[in-house]
**Student:** 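Have a look at this one before I ask anything.
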Amino acid sequence: MSTYQNKLVAFIDILGFSNLVKESETNDSKAQMLLSSLKDIESFIKREEELYQFSEDVGNNTVSKLKVNYTQFSDSIILSTDIVVPEIDGLKFHNINNIMNMCSLLSYLQARFLNEGVLLRGGLTWGPIFHEKNICFGPAFIKAYLLENQLASTPRIVIDPNIISLTLIPTEYEDYDLYPYLMENTFKGNMFLEDESDGHYFINFMLLKTFKNNAESVLEQINRSINGMNAQDKEQKKIIEKRQWVIKEINKFLENRNK
């Protein structure tokens, strides 16, 4: 039996984490904000797992089992989950529940931190990994990290381009005829948004009520955070550019919602 298992894997970087921790030394509200945000991720995962378990308990055996592995250390968050295709009497019940759940979790994660004025950047891929409790390593972990480090650039969780192009299809979906259709018509433009600047797709962080109910206040908070910053300063310019990208995406969301 192989040490690795193929999973959906996300690597997330909490931007500005060092400064937040430094500020928290003299401002406990910052520490409480980080603690509350990180604990909320665990609560979200637990609620989703319990929902799937309830479906199974009431006799719905065609719903994919859900188990999300979650590890956080310093400014990094690693999430992984299996893609499970239920099978009864040799008949497969294909669905995209596990992918949809991971997308919802990542959308919630970004929205939860955005509500606190904190930006995230990351990468999502699929492949071999060992991830149990706090032990995590493998090719998919490295790939997700490189997506965050080399491709994401802006505060987005970028999707592996090979997943988008269907060059990389999870083994569980290789015999699922609807998968290419679902990629084009369910994921793209809904859970995955295309960045007009480079054509890469990223997780829609504006998907859930966690963001939608606070969109205007989040926009105001981010606009306020860059007021007074010096665009001539190299480091401040980077911060301004990251926040301006988020402002652009939120403005697009609000324009479409108000049509």
Side-chain angles (χ1 to χ4, degrees), residues 10-50 68-80 102 104-124 131-136 141 144-145 148-149 152-157 202-203 205-231 233-247 249-250 253:
F11 180 89
I12 311 297
D13 181 25
I14 305 172
L15 301 179
F17 188 80
S18 295
N19 287 334
L20 284 170
V21 171
K22 190 179 296 183
E23 291 170 12
S24 71
E25 190 172 5
T26 55
N27 183 352
D28 191 61
S29 65
K30 296 286 186 181
Q32 286 298 319
M33 177 273 289
L34 286 171
L35 181 60
S36 174
S37 299
L38 292 169
K39 281 191 171 183
D40 278 356
I41 302 168
E42 290 184 327
S43 298
F44 185 92
I45 292 170
K46 185 178 180 181
R47 287 196 304 271
E48 291 297 301
E49 289 180 345
E50 288 175 347
V68 178
N69 302 288
Y70 166 52
T71 301
Q72 181 266 327
F73 58 94
S74 186
D75 61 352
S76 300
I77 297 171
I78 306 160
L79 298 156
S80 70
M102 177 65 95
S104 296
L105 172 56
L106 294 174
S107 182
Y108 173 81
L109 179 63
Q110 283 188 283
R112 178 66 180 82
F113 274 94
L114 261 180
N115 286 341
E116 305 291 350
V118 179
L119 307 184
L120 304 181
R121 187 175 62 207
L124 175 67
H131 192 182
E132 290 184 8
K133 297 182 179 179
N134 290 324
I135 302 175
C136 182
F141 176 21
Y145 166 75
E148 182 278 323
N149 188 257
S153 63
T154 52
R156 57 184 179 172
I157 299 175
F202 60 93
I203 293 289
F205 61 87
M206 301 164 284
L207 192 63
L208 307 178
K209 287 184 178 179
T210 308
F211 173 84
K212 291 178 179 179
N213 291 345
N214 301 288
E216 288 84 0
S217 61
V218 169
L219 181 61
E220 182 182 347
Q221 182 181 21
I222 296 175
N223 271 311
R224 193 166 57 243
S225 71
I226 60 177
N227 287 340
M229 282 192 174
N230 181 9
D233 180 90
K234 187 176 179 180
E235 292 305 313
Q236 290 191 36
K237 182 180 179 182
K238 290 179 182 178
I239 296 172
I240 292 170
E241 289 174 347
K242 289 183 177 73
R243 293 182 177 270
Q244 284 178 334
W245 183 89
V246 176
I247 289 168
E249 293 299 325
I250 295 176
F253 165 80

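Because the structure is predicted, anything quoted here is derived from the model rather than measured.
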**Student:** What residue among Asp13, Leu114, Thr154 forms side chain to side chain contact (heavy atoms under 4.5 Å, CB included) with Leu119?
**Tutor:**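 It is Leu114; the other options fail the test.
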**Student:** Got a donor-acceptor contact below 3.5 angstrom from the Gln236 side chain to the Met229 backbone?
**Tutor:**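 Not a single qualifying donor-acceptor pair exists.
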**Student:** Give a yes or no on whether the backbone of Ile247 and the side-chain of Asn223 come within a donor-acceptor separation of less than 3.5 Å.
**Tutor:**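 No: the side chain of Asn223 does not pair with the backbone of Ile247.
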**Student:** Okay, side chain of Gln72, backbone of Ser74: is any donor-acceptor separation there less than 3.5 Å?
**Tutor:**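 Pair found, side chain donor or acceptor close to backbone of Ser74.
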**Student:** Is a side-chain donor or acceptor of Ser80 paired with a backbone partner of Ala10 at a separation under 3.5 angstrom?
**Tutor:**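 Flag not set: sc Ser80 to bb Ala10 has no pair under 3.5 Å.
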**Student:** May I ask you to test the Lys242-Arg121 pair for a side-chain heavy-atom distance under 4.5 Å?
**Tutor:**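 Yes, at least one pair of side-chain atoms sits under 4.5 Å.
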**Student:** Can you tell me how far CD1 of Ile14 sits from CG of Leu38, rounded to the nearest 0.5 angstrom?
**Tutor:**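 Output value for this atom pair is 5.5 Å.
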**Student:** Do Val68 and Phe44 have side chains that approach each other closer than 4.5 Å (heavy atoms only, starting at C-beta)?
**Tutor:**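 Side-chain contact under 4.5 Å: no.
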**Student:** Show your working on side-chain contact (heavy atoms from CB on, under 4.5 Å) between Ser36 and Arg112 and close with a plain yes or no.
**Tutor:** CA-CA 10 Å; Ser36 174; Arg112 178 66 180 82; 3.0 Å; yes
**Student:** Could you give the distance from CZ (Phe205) to CZ (Phe113), rounded to the nearest 0.5 Å?
**Tutor:**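 Result: 15.0 Å between the selected atoms.
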**Student:** Nearest 0.5 Å, please: how far is CD in Gln110 from CD1 in Ile203?
**Tutor:**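 The CD atom of Gln110 is 7.5 Å from CD1 of Ile203, to the nearest 0.5 Å.
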**Student:** Is it the case that the side chain of Ser107 and the backbone of Ser104 share a donor-acceptor pair, with hydrogens and angles ignored and the cut-off at 3.5 Å?
**Tutor:**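 No, Ser107 side chain to Ser104 backbone: no donor-acceptor pair under 3.5 Å.
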**Student:** Roughly how far, to the nearest 0.5 Å, is CG of Leu106 from CG of Leu79?
**Tutor:**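 The CG atom of Leu106 is 6.0 Å from CG of Leu79, to the nearest 0.5 Å.
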**Student:** Does Tyr145 reach the side chain of Ile78, with side-chain heavy atoms less than 4.5 Å apart?
**Tutor:**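 With C-beta onward as the side chain, the pair stays apart.
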**Student:** Enter the distance from Ser43:OG to Tyr108:OH here, rounded to the nearest 0.5 Å.
**Tutor:**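 Reported to 0.5 Å precision, the distance equals 7.0 Å.
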**Student:** OH of Tyr70 to CG of Leu105: how many Å apart, nearest 0.5 Å?
**Tutor:**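 Output value for this atom pair is 9.5 Å.
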**Student:** May I ask you to test the Leu15-Pro155 pair for a side-chain heavy-atom distance under 4.5 Å?
**Tutor:**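 In contact.
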**Student:** Hey, are Lys238 and Glu241 close enough for a salt bridge, meaning a charged N less than 4.0 Å from a carboxylate O?
**Tutor:**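 So Lys238 does not pair with Glu241 through a salt bridge.
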**Student:** Is the closest basic N to carboxylate O distance between Glu42 and Lys46 below 4.0 Å?
**Tutor:**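 Salt bridge flag = no for Lys46 with Glu42.
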